[in-house]
Protein chains: 2
Amino acid sequence: MFSKTTEYALRAMAHCGEAQRAGKGTQTAEVIAERTGVPVAYLGKVMQALRRAGLLQSQRGAGGGVRLSRSADEILVFDIVQAVDPIERILACPLGLEAHKHRLCPLHAKMDAALAMVEESFKNTTLAQVLESGGTFGPPTEVAGSN
Amino acid sequence: MFSKTTEYALRAMAHCGEAQRAGKGTQTAEVIAERTGVPVAYLGKVMQALRRAGLLQSQRGAGGGVRLSRSADEILVFDIVQAVDPIERILACPLGLEAHKHRLCPLHAKMDAALAMVEESFKNTTLAQVLESGGTFGPPTEVAGSN
DNA sequence: CCTGAATCGGACATTTACATCTGATATACG
DNA sequence: CGTATATCAGATGTAAATGTCCGATTCAGG
């Protein structure tokens with residue numbers, strides 16, 4: 001349902017968010033990879049996409065790394081997902097039927113409704129909200145209700 | 001988000017459901033493929049999975065084909081999806097963190113919640129309900145609210 | 001200015017999903 | 001029984017997602 005790339009992107013962003021909260025500076029790909037369990041070379045690709053989407057800022061050279069380009073409460077889970085593996089809503093009939101040009105058939109309407117729910121759910125949650133509910137990687141910092 | 005295989009399976013089942021409603025008998029793979037726009041050879045594979053899941057009955061030889069193995073109102077959209085490309089809920093921490101063994105971190109809890117919503121949506125809809133809302137392939141038979 | 005650290009970007013390899021092909025098997029019908 | 005019609009099942013081919021590698025570039029610090 002969700003691609004590995006999406007998983008990786010969310011983990012990487014969560015890590016950077018936690019680092020930002022802890023007052024740490026830029027994070028190197030190596031550290032993020034180790035902490036998030038993402039293959040370091042592939043993580044580079046994923047982070048490139050996040051950078052191009054304006055979610056991460058990078059600094060080359062010694063002492064460099066990446067950090068969130070804006071506050072975690074200004075980043076939606078939806079933004080992260082769209083940056084690497086966009087949810088594609090069903091806007092037109094996949095079969096190209098003329099009769100369904102202006103109104104999807106019930107089948108595709110149903111499928112699109114599911115996509116819409118997920119999209120909405122991700123638009124309604126910021127990265128900060130995810131982090132505030134408890135630690136994503138380290139041991140849990142508090143016991144809070146999920147979701 | 002949804003695989004092509006899932007799309008194909010839903011289309012094939014929708015076609016068989018419409019055929020059943022229209023009082024037609026078994027449908028050949030060739031006819032289904034033509035109507036649903038699914039590659040005929042690949043459709044064979046998809047239908048095998050549907051048959052093994054007990055959703056389709058097949059009849060070999062001349063005059064053969066496939067038909068729904070039970071009434072369309074006893075088949076959930078969920079059943080079809082699970083038969084070919086199951087929704088895999090996040091039950092355990094993908095990172096294998098001991099601390100998250102009994103409670104997912106907020107990130108994965110959020111992702112699983114999205115999966116749960118989709119799963120629930122598909123469990124709450126029968127194939128019959130999808131068909132009753134209007135034709136899936138032919139021109140629309142009535143104008144009804146979607147979903 | 002040199003060296004080590006780190007990202008960047010493209011090329012390449014691997015794995016999985018998608019699709020096709022072919023022979024085997026089962027069935028209706030003459 | 002023979003033939004045409006279908007599915008069945010395995011082998012194979014192709015495309016896309018995932019993962020790796022390496023040289024180029026950038027930058028801090030001595």
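Below, chain A is the first sequence line, B the second, and so on; all start at residue 1.
Look at K45(B) and you won't find any side-chain N or O under 4.0 angstrom from OP1 or OP2 of dT20(C). Contact check, Y8(A) against dG19(D): a side-chain N or O comes under 4.0 Å of OP1 or OP2. The side chain of T5(B) places an N or O atom within less than 4.0 Å of a non-bridging phosphate oxygen (OP1 or OP2) of dC18(C). Phosphate proximity of dC8(D) to R51(B): present, with a side-chain N or O under 4.0 Å from OP1 or OP2. Within the structure, a side-chain polar atom (N or O) of R52(B) is placed less than 4.0 Å from OP1 or OP2 of dA9(D). Contact annotation: Q48(B) reaches the phosphate of dA9(D) (side-chain N/O to OP1 or OP2, under 4.0 Å).
Under 3.5 Å, the side chains of D85(B) and T5(B) contain no donor-acceptor pair of N or O atoms.
Counting all heavy atoms, side chain and backbone alike, T125(A) lies closest to S121(A) at OG1-O, 3.1 Å. Of all heavy-atom pairs between R11(A) and F137(A), the closest is O-CZ, 3.2 Å.
Following chains of ILVMFWY side-chain contacts shorter than 4.5 Å, one can reach L76(A) starting from L127(A), so the two form part of one hydrophobic cluster.
At whole-Å resolution of the value, NZ in K4(A) and C1' in dA16(D) are 14 Å apart. As rounded to whole Å, 15 Å separates atom P of dG19(D) from atom CE of M47(A). Taking atom CZ of R11(B) as the reference point, atom C1' of dC18(C) lies 14 Å away to the nearest angstrom. Separating the CG atom of D85(A) from the C1' atom of dG19(D) is a distance of 16 Å, rounded to the nearest angstrom. One interatomic measurement links the two molecules: CD of E7(A) to C1' of dT18(D), which rounds to 14 Å at whole-angstrom precision. Residue L43(B) contributes atom CG, which lies 14 Å from atom P of dC18(C) at whole-angstrom precision. Residue I32(A) contributes atom CD1, which lies 18 Å from atom P of dA5(C) at whole-angstrom precision. Regarding L56(B), its CG atom lies at a distance of 11 Å from the P atom of dT7(D), rounded to whole Å.
Set against dC18(C), dT20(C), dC8(D), the side chain of S58(B) has dC8(D) as its closest nucleotide. Taking the side chain of R60(A) as heavy atoms from C-beta on, and the options dT25(C), dC8(C), dC18(C), the nearest nucleotide is dC8(C). Distances were taken from every side-chain heavy atom of Q59(A) (C-beta onward) to each of dC8(C), dT7(D), dA28(D); the shortest belongs to dA28(D).
Of the residues in residues 18-31 of chain B, not one places a heavy atom less than 4.0 Å from an atom of DNA chain C.
The aromatic rings of F2(A) and F122(A) lie tilted to each other, with the angle between the two planes from 30° to 60°.
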Output side-chain donor-acceptor pairs under 3.5 Å for residues 49-64 of chain B, partner residues at least two apart or in another chain, one line each.
residue, atom, partner, partner atom, Å
R52(B), NH2, Q48(B), OE1, 3.2
Q57(B), OE1, R67(B), NH2, 2.9

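Atom CD of E34(B) has 12 or fewer heavy atoms from other residues, nucleotides or ligands within 6.0 Å.
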